[in-house]
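Owing to the predicted nature of the structure, the values given are computational and were not obtained by experimental measurement. Order of listing sets the numbers, starting from 1, for every ligand and every atom in it.
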Amino acid sequence: MSLDEKAWQAVAARIAEAARRAERAPGSVRLLAVSKGQPAAAVRGAHAAGQRAFGENYVQEAVAKADELVDLPGLEWHLIGPLQSNKARTAAERFSWVQSVDRAKVAQRLSGARDAGHPPLNVCVQVNISAERGKSGAAPEETLALVRSVASLPGLKLRGLMGIAEETDDVDRQRRQFRILRELFDAARGQGLALDTLSMGMSADLESAIAEGATMVRVGTALFGPRRK
Ligand SMILES: *Cc1c(COP(=O)(O)O)cnc(C)c1O
């Protein structure tokens, strides 16, 4: 099976060390393995090692992969890439989580498309914490209103917030951006919304994210190596 055990152990050690430094429980950070650009065999190898939650950016790629892996029990697919409203139905049917909800229209489509026979779709509101032009995500100042409207939709279960920091080696800059998401998370909870997931941190910046309170890190290349294009 195509699993680089050393790479997986190294990521687990980075998460544990970052949690220790932040004086947080080692089990308080969940790992989402980002399998976009990786073959189904890579997911199969990770599943054999006990990983269940996988992140994908593209609906079609994820569906094709999931179809190849229907024999694997307990897989949990998370959509983390931008979602066009014309893909909302497929996304609502095929994913357990959509972390990239950044406007009310997509949330309404997902809710309407989620089959009543399924539990509500877990969602995160994506926030543009780096304020870079062209990046997806709701603006921080629009986030609480969007969070409240998502929380009221019957087909969705609002779990939390997701954000992507700017690509930079400047740790203070990373932390400042993650802190924006953390403060919005605290504000939403302060309004009585039952959010439990703060999804932030990737291969290059997971330490900063965990220091700022991430409960889920989304890691691709550090686990699986470079992606295929
Ligand atoms: C690709 C991607 C990741 C994983 O990035 P790596 O740098 O490979 O760890 C995490 N989150 C999102 C939203 C992504 O698009």
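- Closest heavy-atom contact between Ser203 and Thr221: OG-OG1, 3.3 Å.
- Listed by chain and residue number, the protein contacts of ligand 1 are Val34, Lys36, Asn57, Ile80, Ile164, Met202, Ser203, Arg218, Val219, Gly220, Thr221, Arg227 (heavy atom within 4.0 angstrom).
- No side-chain heavy atom of Asp196 sits less than 4.5 Å from a side-chain heavy atom of Thr215.
- Glu61 pairs by the side chain to side chain contact (heavy atoms under 4.5 Å, CB included) definition with Lys36, Glu56, Tyr58, Lys65, not counting sequence neighbours.
- Between Asp170 and Arg176, none of the side-chain N atoms (NZ, or NE/NH1/NH2) sits under 4.0 Å from a carboxylate O, so this pair counts as no salt bridge.
- Residues meeting the side chain to side chain contact (heavy atoms under 4.5 Å, CB included) test with Ala188, sequence neighbours left out: Leu144, Val147, Leu193, Leu195.
- Among residues two or more places apart in sequence or in another chain, the side chain to side chain contact (heavy atoms under 4.5 Å, CB included) test is passed with Ala211 by Arg175.
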